[in-house]
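Notes to accompany the following structure.
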Amino acid sequence: MSAASHQNFGQKSKRVVNEATVKWSNLLLKVAEHDRAAFEQLFVKFSPLIKAFANKQAGADKGVNMSEELVQETMVKVWQKAPSFNPEKASASTWIFTIARNTRIDLLRKNARHFVNKATSIPGNDQQDDGFDVHDIWIENEDEDIFNQLVKQRNSEALHEAMKALPEEQSFILKKVYLEDKSHSEIAKELQMPLGTVKSRVRLALNKLSLSVDR
Amino acid sequence: MVKYHPDTRFLTDYAAGSLPESQALCVAAHLHYCSGCRAKIRELTQLGAEFFLTQEPEAVSDDSFDRLWQNLQKQETSAARQTHPQQESATTPDTTKATKTTTNSPKSAQELPQAIEKLTRGNINSLKWRNIGKSFRFSNIPLGEQSRETTLFHIKAGGNVPKHHHGGDEITVVLKGSFSDQEDHYHVGDYIVRTSGESHTPVASQDEDCLCLASLDAPIVMNNWFYRVLAPFFNRPTAW
Ligand SMILES: [Zn+2]
């Protein structure tokens, strides 16, 4: 029940019509009907963002360049999965971000597995592949359960404004979390600060954005 | 009712996609049982999308869209020709194990988290288990991660996990039944984190078998006979 308690902000702002959100959603709905022009418009907007996203991930600077691959693979999935897009459940940008994130995980996983398989074969351990797809673990489908829970989507512009108002040290860390593909422990190591400090900065930031914090 | 939840650290790293797979599997298992955390993930993912949008765009190569479009056309023609396209990676090479045994049919397709259902194919006995004593057995899940072990373990009603402690963190998610340790009693969906150095002896409840998913950070520190049985598995990362 506590999930609904920090939603007051979101529910009010739900009524504000966000033009950009509506635009991308409508394009995505057309893509579901195999509209090439709509797809190209989405591509023009999102592929440079996906490329930037790929280039920021850990390892990109170490010669592991998968940016064009990530653009291609993500957009293929956008085309294929468009019929399952429901604008009532997610904004187009969240939906595309989720696919880009999962595709990035998938590419990194394939690289890692390839490396492990080459490096070792363990006697008595005959199952080398778990057979999981990335979406078995990073679930993509929005469920009705959540949808019915008064947890409405946050207004994109309001959230954006709140993000701009974050103190530098907090938005700095959130960017590392979301864009650089670094876990809390990796950030702690990189910035040479205790894990607890990273955790509390993230918590403070989420608090300021009126987002979920620990109960 | 789920009582123990992943903290903000686990949830944000999961939403961002940076959580190690082994731990992400545990979070996903918890989410299967906890709609409150699913709602949080939804918000945290939306925040990720906002950061995604604030990035400085980077130009893709000129022929990028054309290549994409050609690729899609190719895929669609081959899909049209082939009415039943082969699902990639949906089956493991070993098909003999996939043969369904009719004795233990699943109660419901949605009973266990999606990934675990896929792994067990509806029957936990289809996995390769190693027994330790009469009431404890475990089955490793090979995720290709070098620094972590991911394990399903099963305790018979009233039985216990052999006493152990470890150098790294341990995450446990209860999938079936319930167990207790010195601190509390844990139920289906509970996400329990034990940090390095803690020692505990989980005991399953008397009336029901207990199935759990665990993610263990290496190195595992064990100092009795149990160690010798598990060492080949747990010491894998340092063995080469
Ligand atoms: Zn929860």
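The chains referred to below are lettered A, B, ... by the order of the sequence lines, with proteins before strands, and numbering in each begins at 1.
- Annotation for Val71(A) and Ser64(B): closest pair CG1-OG, 4.2 Å, computed over non-hydrogen atoms.
- Side-chain contact check for His160(A) versus Thr54(B): some heavy-atom pair is nearer than 4.5 Å.
- Both the backbone and the side chain of Leu49(A) come within less than 4.5 Å of a heavy atom in chain B.
- For a residue to count as touching a neighbouring chain, one of its non-hydrogen atoms must lie under 4.5 Å from one of that chain's; by this rule Leu53(B) touches chain A with backbone and side chain alike.
- In this structure, the portions of Phe53(A) lying under 4.5 Å from any heavy atom of chain B include both its backbone and its side chain.
- Applying the side chain to side chain donor-acceptor pair (under 3.5 Å) criterion to Asn102(A), with sequence neighbours excluded, gives Glu140(A).
- You'll find the side chain of His184(A) reaches within 4.5 Å of the side chain of Thr12(B), heavy atoms only.
- Of all non-hydrogen atoms in Ile137(A) and Ala28(B), the two that sit nearest each other are O-CB, 3.3 Å.
- With 3.5 Å as the limit, one finds no donor-acceptor pair spanning the side chains of Ser91(A) and Gln46(B).
- With values rounded to the nearest 0.5 angstrom, Leu68(B) atom CG is found 9.0 Å from Ser47(A) atom OG.
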Yes or no on salt bridge (Lys or Arg N to Asp or Glu O under 4.0 Å) for Lys118(B) and Asp133(A), after CA distance, side-chain angles and deciding distance?
-> CA-CA 10 Å; Lys118(B) 191 168 185 177; Asp133(A) 292 319; 3.0 Å; yes

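- Within the 4.5 angstrom heavy-atom criterion, atoms from both the backbone and the side chain of Ile50(A) approach chain B.
- At a 4.5 Å heavy-atom cutoff, the contact between Met75(A) and chain B is made by backbone and side-chain atoms alike.
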Yes or no on side chain to side chain contact (heavy atoms under 4.5 Å, CB included) for Leu206(A) and Leu47(B), after CA distance, side-chain angles and deciding distance?
-> CA-CA 9 Å; Leu206(A) 295 179; Leu47(B) 180 63; 3.6 Å; yes

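- Counting heavy atoms from C-beta outward, Leu209(A) and Glu43(B) have side chains that stay 4.5 Å or more apart.
- Distance CD/Glu21(B) to CZ/Arg109(A): 4.0 Å, rounded to 0.5 Å.
- Taking Lys199(A) as the reference, Asp7(B) meet the salt bridge (charged side-chain N to carboxylate O under 4.0 Å, His left out) condition, with sequence neighbours excluded.
- Between the OG1 atom of Thr98(A) and the CZ atom of Arg42(B) there is a distance of 10.5 Å, given to the nearest 0.5 Å.
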Can you check side chain to side chain contact (heavy atoms under 4.5 Å, CB included) on Val44(A) and Phe65(B), steps first, answer last?
-> CA-CA 9 Å; Val44(A) 168; Phe65(B) 185 78; over 6 Å; no

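- Of all the heavy atoms in Ser61(B) and Glu68(A), the pair that sits closest is N-OE2, 3.1 Å.
- The backbone N or O of Ala59(B) lies less than 3.5 Å from a partner atom in the side chain of Lys51(A), making a donor-acceptor pair.
- Taking all atoms of both residues into account, the shortest heavy-atom contact from Arg101(A) to Tyr14(B) is NH1-O, 4.1 Å.
- Although no hydrogens or angles enter the test, the distance criterion places no donor-acceptor pair under 3.5 Å between the side chain of Asn71(B) and the main chain of Val76(A).
- Going from atom CG of Asp181(A) over to atom CG of Leu19(B) covers 11.0 Å, rounded to the nearest 0.5 Å.
- Using a 30° and 60° split on the angle between ring planes, Phe46(A) and Phe52(B) fall in the parallel class, below 30°.
- Between the side chain of Arg9(B) and the backbone N or O of Leu195(A) there is no donor-acceptor pair closer than 3.5 Å.
- When heavy atoms are compared at a cutoff of 4.5 Å, Gln80(A) approaches chain B solely by way of its side chain, counted from C-beta outward.
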Check the pair Thr45(B), Thr94(A) against side chain to side chain contact (heavy atoms under 4.5 Å, CB included), reporting the backbone distance first and the verdict last.
-> CA-CA 7 Å; Thr45(B) 306; Thr94(A) 301; 4.1 Å; yes

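- For Glu56(B), the part sitting under 4.5 Å from any heavy atom of chain A is the backbone (N, CA, C, O) and nothing else.
- Both the backbone and the side chain of Ala24(B) have a heavy atom closer than 4.5 Å to some heavy atom of chain A.
- When only modelled atom types and interatomic distance are considered, Asn55(A) and Glu58(B) share a side-chain donor-acceptor pair under 3.5 Å.
- A centroid separation of 6.0 Å or more is found between the aromatic rings of Phe51(B) and Phe97(A).
- Aromatic ring pairs are classed by plane angle as parallel below 30°, tilted from 30° to 60° and perpendicular above 60°; the pair Trp69(B) and Trp79(A) is perpendicular.
- Between Leu44(B) and Tyr178(A), the closest heavy-atom pair is O-OH, 2.7 Å.
- The nearest pair of heavy atoms linking Ala115(B) to Asp136(A) is CB-O, 3.7 Å.
- Few gaps surround CG on Asp63(B); more than 12 heavy atoms of other groups in view lie less than 6.0 Å from it.
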